[in-house]
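All remarks here apply to the structure that follows.
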Amino acid sequence: EQLTQRNLDTVRRICEHWHELSQEEFRELCSPDLDYRNIPIEGDIHHGPDAAHAVLARFGEKWKVRLQVDNIVGDERVVLTERTEFFEHR
């Protein structure tokens, strides 16, 4: 149960702050086997924290980003989120 809560807290932090996290912070928060899928773009899959950070960091350069986690569930292996993302062009 402690591991599950830690996973939920970590994923919530990533979801709410991905646009401002450094590459090093991504490495600290994410497991090396991270599987990031940019839904709804079919086939847009990135493996590992460095690959996910490279994709996500670009958004913060051009957009002011605010995110809210609407729903989050998980266990010791997997965490799923439903979130709303707000983008305002800089």
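Nothing here was measured: the structure is a model prediction, and the numbers come from that model.
- Taking every heavy atom of both residues into account, Cys30 and Pro49 meet most closely at CB-CB, 3.9 Å.
- Distance NE2/His47 to CG/Asp50: 14.0 Å, rounded to 0.5 Å.
- A salt bridge does not link Arg58 to Glu61: none of the charged nitrogens lies less than 4.0 Å from a carboxylate oxygen.
- Of all heavy-atom pairs spanning Glu25 and Glu20, the tightest one is OE1-O, 4.1 Å.
- Proximity of Asp35 to Ile45: side-chain heavy atoms (C-beta onward) are separated by under 4.5 Å at one or more points.
- Note: the hydrophobic cluster containing Ile14 does not contain Ile72 (ILVMFWY, side chain heavy atoms under 4.5 Å, direct or indirect links).
- To the nearest 0.5 Å, the span separating CG on Leu67 from OG1 on Thr84 amounts to 9.0 Å.
- Taking CZ of Arg13 as the start and CH2 of Trp18 as the end, the distance is 15.0 Å to the nearest 0.5 Å.
- The number of heavy atoms from other shown groups lying within 6.0 Å of CD (Gln2) does not exceed 12.
- The two residues Arg6 and Leu3 come nearest to each other via the heavy atoms NH2-CD1, 3.0 Å.
- Put simply, the side chain of His46 never gets that close to the backbone of Tyr36: no donor and acceptor are under 3.5 Å apart.
- Atom CZ of Arg90 has more than 12 neighbouring heavy atoms from other residues, nucleotides or ligands inside a 6.0 Å radius.
- Note that CG of Leu56 and NE2 of His19 are 11.0 Å apart. Values are rounded to the nearest 0.5 Å.
- Using modelled atom types, one finds no donor on one side chain facing an acceptor on the other under 3.5 Å when comparing Asp75 with Thr4.
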task: Could you walk me through whether Gln68 and Asp70 pass side-chain hydrogen bond (donor to acceptor under 3.5 Å, both in side chains), step by step?
output: CA-CA 6 Å; Gln68 71 185 40; Asp70 300 314; 2.9 Å; yes
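- In this structure, Glu82 CD and Cys15 SG are separated by 11.5 Å, a value rounded to the nearest 0.5 Å.
- Hydrophobic clustering (ILVMFWY, side-chain heavy atoms < 4.5 Å, transitive): Leu29 and Phe26 are in one cluster.
- In this structure, CH2 on Trp63 lies 12.5 Å from CD on Glu85, to the nearest 0.5 angstrom.
- Looking at heavy atoms from C-beta onward, Gln5 lies in side-chain contact with Leu8 at the 4.5 angstrom threshold.
- Residues Val73 and Val79 fail the side-chain proximity criterion, which asks for heavy atoms closer than 4.5 Å.
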